[in-house]
Amino acid sequence: MNLEELSGLPPGAIDHFQREGIEELYPPQAAAVEAGATDGDSLVAAVPTASGKTMIAALSMLSAIERGGKALYIVPLRALASEKKAEFEAYEEFGVTVGVTTGNYESTSEWLATKDIIVATSEKVDSLVRNGADWLSDLTCVVSDEVHLIDDRNRGPTLEVTLAKLRRLNPGMQVVALSATVGNADEIADWLDAALVDTDWRPIDLQMGVHYGNALNFDDGSTHEVPVEGSEKQEAALVRDILEEGGSSLVFVNSRRNAEAAARRLGQVATREISDDERAELAGLAEAIREDSDTETSADLADCVEQGSAFHHAGLSSTQRTIVEDAFRDRLLKVISATPTLAAGVNTPARRVIVRDWRRFDPSAGGMAPLDVLEVHQMMGRAGRPGLDPYGEAVLLAKSHEDSQELFDRYIWADPEPVRSKLAAEPALRTHVLATIASGFARTREELLEFLEATLYASQSTEAGRLETVTETVLQYLESNDFIEREGGTEPTDDAASAFTSAADLATQQSSQGDERLEATSLGHTVSRLYLDPMSAAEIVHGLEDADERPTALGLYQLVSRTPDMYELYLRSGEDDTFGELFYEREAELLGDAPSEYEDDRFEDWLAALKTGKLLADWASEDDEDRLTERYKIGPGDLRGKVDTAEWLLGAAESLAAEIDSEWTVAVREARARVEHGVGEELLELVSVGGVGRKRARRLYEVGIEEPADLRSADKGVILSALKGAKTAETILENAGREDPSMDGVEPVTSASGGDTAASSRGSETPAASERDDDSQSSLGDF
DNA sequence: TTAAGGAGCATGTAGACAGCATGTC
DNA sequence: CTACATGCTCCTTAA
């Protein structure tokens with residue numbers, strides 16, 4: 001289908017696409033148009049990655065806008081939100097406006113109301129629904145990218161419920177669901193009352209194969225010699241082979257450590273094919289990586305990058321990830337070894353994709369479990385860059401002939417698994433049931449069940465009554481924690497929640513409880529709006545209620561670290577002793593009831609939360625990033641992630657404290673501020689001045705400048721001695737509101753000759769730890 | 001004497017959304 | 001119910 005044949009798009013849109021070199025629609029795109037994508041009809045497009053899914057979304061959204069509507073594009077990751085935003089912003093030249101909103105990149109709701117296209121993560125959309133953003137009811141088109149993630153145990157239910165709510169809000173709305181090729185795209189289409197476009201078509205050919213011995217055998221029967229030389233690994237041979245043709249590769253492995261080790265080895269291969277110009281540019285990137293964070297991980301990554309290779313996993317900071325991804329797309333980096341993060345993230349295609357590890361450690365499976373077909377296909381789908389590569393190659397590695405056969409059967413010839421809703425899991429339901437009640441989607445038990453009937457879960461469920469049973473359990477949980485109130489209907493008896501209740505019993509219960517009114521309490525409303533898991537909220541509320549004295553920072557950090565919203569640090573072998581010891585030292589500070597040491601699992605969790613809490617406390621005692629990453633064996637990205645989550649949870653905890661009239665609101669606020677800035681209590685004032693962070697605040701404090709007022713009155717020479725440059729000093733003084741911020745002609749004054757205040761005698765090597773954090777420092781040390 | 005290489009053993013394992021209001025070194 | 005790469009120590013070997 002030719003682009004010219006399209007109708008209903010905003011004037012200028014077709015011109016725009018033509019200038020981008022698009023003349024013809026790809027077959028799946030044409031099929032989508034025929035299925036009514038540009039007429040406002042709902043559609044599920046299950047097509048491989050990089051075969052023009054975004055264009056299907058764009059055509060649907062643009063035609064909806066041309067009809068006077070408004071479109072929402074839902075993505076699974078923040079990084080994808082910015083990627084899509086950048087893509088759609090090109091439409092501004094023909095007058096279509098774009099806005100983004102995610103947790104960290106905030107736009108006010110009113111501002112979004114004026115935009116034609118809004119890009120958001122699924123959680124953000126859920127949050128907007130809960131908070132009743134009124135523009136949501138103006139939507140005429142919703143695109144859900146990577147809709148197969150509904151299958152995800154953690155985040156899938158959010159997407160599922162959000163789509164159901166948006167559809168309820170806007171009955172005639174067009175839904176465009178973009179999916180990888182999955183086993184049951186038809187079921188998803190049925191659920192969404194949508195047409196289905198399901199195809200394997202790709203714009204560039206993808207060859208899949210298995211490497212074994214010295215040969216690469218493809219699915220089309222062809223064979224390519226790739227000899228493994230000397231002691232090199234299979235993946236090194238494959239990377240070298242394609243690099244000699246000028247192609248880049250992506251190696252997927254199953255652990256961070258493997259990714260780092262592989263990148264180091266592959267650097268030896270890549271460095272041979274790098275020009276002098278490239279080497280200079282890579283050196284610049286390496287420098288940027290080192291500057292972004294001063295840790296061992298960063299140093300290792302920088303060393304690799306100098307060689308033209310890189311690793312990629314969630315331990316990297318987001319800046320570093322972006323640097324690596326961009327450099328790979330610019331063909332500066334020749335190879336990336338990555339954990340599965342990369343397969344799900346932003347677009348980083350390569351000529352050759354090597355899936356080295358197809359088994360992953362899974363404790364629930366008791367050892368290594370094979371990856372899902374869908375997952376492996378997602379990785380393999382990264383092969384081939386449209387317009388750059390003649391074709392893409394995806395290679396699995398076999399160590400034996402049997403392996404080779406198994407890989408063909410399991411991944412190359414196999415169809416991906418079907419998408420199954422995970423909504424009936426209790427953690428998911430408890431969150432979404434509360435939100436559904438709090439935001440007024442259901443006022444009675446009957447309405448609640450009726451709403452849940454509109455989810456994919458209901459349409460897939462074979463086990464009658466399961467959803468009702470779990471829902472009842474969840475309602476009781478919410479009621480007993482004072483998040484909801486139930487009135488009327490039959491009082492639930494013990495066996496009403498029992499899993500042994502027969503279907504017949506349930507039917508009678510439903511009729512008798514059908515008119516039961518459900519209402520969120522004020523606390524329940526707060527929890528829903530704060531986007532907390534009710535169980536997290538309950539834990540925090542109980543913890544705060546339990547505190548007889550002002551909670552310490554460590555106590556609060558451990559408290560938020562043990563909620564289900566915080567991803568706990570893993571307790572390494574030997575660390576149960578270390579943290580067991582810390583537990584006995586600081587037991588009095590911890591909030592709530594500690595499990596007994598004999599309850600193995602729960603005690604382990606408690607200690608793991610203590611470890612996470614201690615990490616946060618160390619951060620808030622100004623320990624350096626590199627010390628922390630080394631001590632806790634984490635990457636810079638993990639540290640920032642933990643700090644970020646703690647900030648969010650403590651912010652929520654502050655609201656909860658206010659809600660329950662806790663007297664510890666200020667203590668929570670202070671703990672939050674300390675973790676946000678990574679400083680001791682005494683620096684909180686200084687750090688509120690623009691341009692002053694944890695490092696500068698400490699240096700200022702050391703020369704006797706303890707609060708913003710001192711910045712206004714103190715001797716400029718003293719201030720300058722604490723800060724490196726005159727320019728930064730001026731900016732800071734200006735931000736502090738000093739009348740004459742100019743540093744012209746001021747010389748740094750060393751020592752405490754500044755006069756009014758005595759300089760602290762503390763060296764910068766031993767940053768002050770606040771309150772009781774001091775004593776643990778020595779006993780825990782660098783374990 | 002030393003460097004390199006190999007056997008044997010212990011070790012540990014992927015990912016990252018959300019409130020609110022603005023800015024680190 | 002299931003694995004496997006890594007990196008250490010300790011030892012052997014070749015020069």
Side-chain angles (χ1 to χ4, degrees), chain A residues 75-79 81 102-106 108 120-128 130-131 149 152-156 158-159 231 233 252-262 264-265 291-294 313-315 318 321 338-345 356-363 365-371 375 399 431 526-533 536 565-567 570-574 625 633 637-638 640-642 644-645 647-656 672 676-679 687-699 723-725 728 735:
Chain A
V75 291
L77 294 169
R78 290 182 197 167
T102 65
N104 60 347
Y105 185 62
E106 184 57 27
T108 62
T121 55
S122 37
E123 283 76 9
K124 187 65 191 191
V125 178
D126 186 16
S127 167
L128 287 166
R130 296 183 189 196
N131 288 287
L149 290 173
D152 185 279
R153 187 157 289 288
N154 299 313
R155 297 178 56 208
T158 301
L159 178 57
S231 61
K233 308 247 177 186
F252 284 105
V253 298
N254 65 3
S255 75
R256 294 179 177 191
R257 198 159 60 131
N258 287 348
E260 294 180 16
R264 212 165 19 245
R265 280 194 308 266
E291 245 169 54
D292 173 67
S293 118
D294 172 30
H313 57 61
S318 54
R321 272 203 240 185
T339 55
T341 358
L342 202 60
R356 191 191 78 177
D357 301 337
W358 52 279
R359 282 193 251 247
R360 172 174 50 212
F361 181 78
D362 178 3
M368 298 302 266
L371 298 181
E375 234 172 324
K399 288 185 195 60
T431 300
T526 303
V527 172
S528 172
R529 269 188 292 104
L530 289 172
Y531 211 78
L532 284 177
D533 182 327
S536 297
D565 278 310
M566 176 78 91
Y567 218 77
Y570 171 80
L571 218 48
R572 290 160 187 277
S573 70
E625 189 186 28
K633 303 248 185 331
D638 301 299
R640 292 176 201 187
K642 287 282 172 301
D644 201 51
T645 309
E647 231 183 288
W648 166 59
L649 283 171
L650 287 163
E654 193 189 328
S655 304
L656 287 176
R672 195 202 66 87
E676 176 186 350
H677 300 288
V679 294
V687 103
S688 68
V689 175
V692 181
R694 65 198 308 241
K695 294 279 160 68
R696 288 175 184 168
R698 176 52 65 192
R699 282 205 300 272
L723 303 168
K724 294 268 153 59
T728 38
N735 291 339

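Treat the numbers as computed from the prediction; the structure is a model and nothing was measured.
- Residues meeting the side-chain contact (heavy atoms from CB on, under 4.5 Å) test with Tyr570(A), sequence neighbours left out: Arg572(A).
- When heavy atoms are screened at a 4.0 angstrom cut-off, Glu260(A) is found touching no nucleic acid atom at all.
- Counting any heavy atom pair closer than 4.0 Å across all strands shown, Asp362(A) reaches no nucleic acid atom.
- Among the protein residues, Arg359(A) comes within range of the sugar-phosphate backbone only, with heavy atoms under 4.0 Å from sugar or phosphate atoms but none that close to a base.
- For the C1' atoms, the distance linking dC1(C) with dG19(B) amounts to 44 Å, nearest Å.
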Next on the checklist: Evaluate Lys642(A) against Thr645(A) for side-chain contact (heavy atoms from CB on, under 4.5 Å), listing each step before the verdict.
Outcome noted: CA-CA 5 Å; Lys642(A) 287 282 172 301; Thr645(A) 309; 5.9 Å; no

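- Val253(A) comes within 4.0 angstrom of nothing in the nucleic acid, heavy atoms only.
- Taking atom P on both nucleotides, dA14(B) is separated from dG7(C) by 14 Å, rounded to a whole Å.
- Counting any heavy atom pair closer than 4.0 Å across all strands shown, Val527(A) reaches no nucleic acid atom.
- Under a 4.0 Å N-O distance rule, the pair Asp294(A)/Lys695(A) does not qualify as a salt bridge.
- The phosphate of dG15(B) (OP1 or OP2) has a side-chain N or O of Arg256(A) nearer than 4.0 angstrom.
- Here Gly637(A) lies out of heavy-atom contact (under 4.0 Å) with every strand.
- Arg321(A) comes within 4.0 angstrom of the backbone, heavy atoms only, and of no base.
- Using a 4.0 Å heavy-atom criterion, one finds that Gly651(A) contacts the bases of the nucleic acid, with or without backbone contacts as well.
- Residues Glu123(A) and Arg360(A) both approach DNA chain B. Their nearest nucleotides, taken by heavy-atom distance, put Arg360(A) toward the 5′ side.
- As the counterpart of dA5(C), dT11(B) is assigned, both hydrogen-bonding distances of the Watson-Crick or G-U wobble pattern falling under 3.5 Å.
- As judged by a 4.0 angstrom heavy-atom cut-off over every strand, Ala261(A) is placed among residues touching the sugar-phosphate backbone only.
- Note on Thr645(A): a base of the nucleic acid sits closer than 4.0 angstrom, heavy atoms only.
- Two residues, Asn154(A) and Ser127(A), neighbour DNA chain B, and the one matched to the more 5' nucleotide by heavy-atom proximity is Asn154(A).
- At a threshold of 4.0 angstrom between heavy atoms, the contacts of Arg265(A) are confined to the sugar-phosphate backbone, with no base atom among them.
- Across all strands, Leu649(A) comes closer than 4.0 Å to no nucleic acid atom at all (heavy-atom distances).
- Side chain Tyr570(A) to base dG12(B): no donor-acceptor pair is found below 3.5 Å.
- Side-chain contact between Asp126(A) and Tyr531(A) is present, with at least one heavy-atom pair separated by less than 4.5 Å.
- An aromatic stacking contact between Trp648(A) and the base of dG19(B) is absent, as defined here by ring centres under 5.5 Å apart and ring planes under 30° from parallel.
- Residue Arg264(A) is in sugar-phosphate contact alone, with no base atom involved, counting any heavy-atom pair closer than 4.0 Å across all strands shown.
- Side-chain atoms of Leu649(A) and Leu532(A), non-hydrogen and from C-beta on, do get closer than 4.5 Å to each other.
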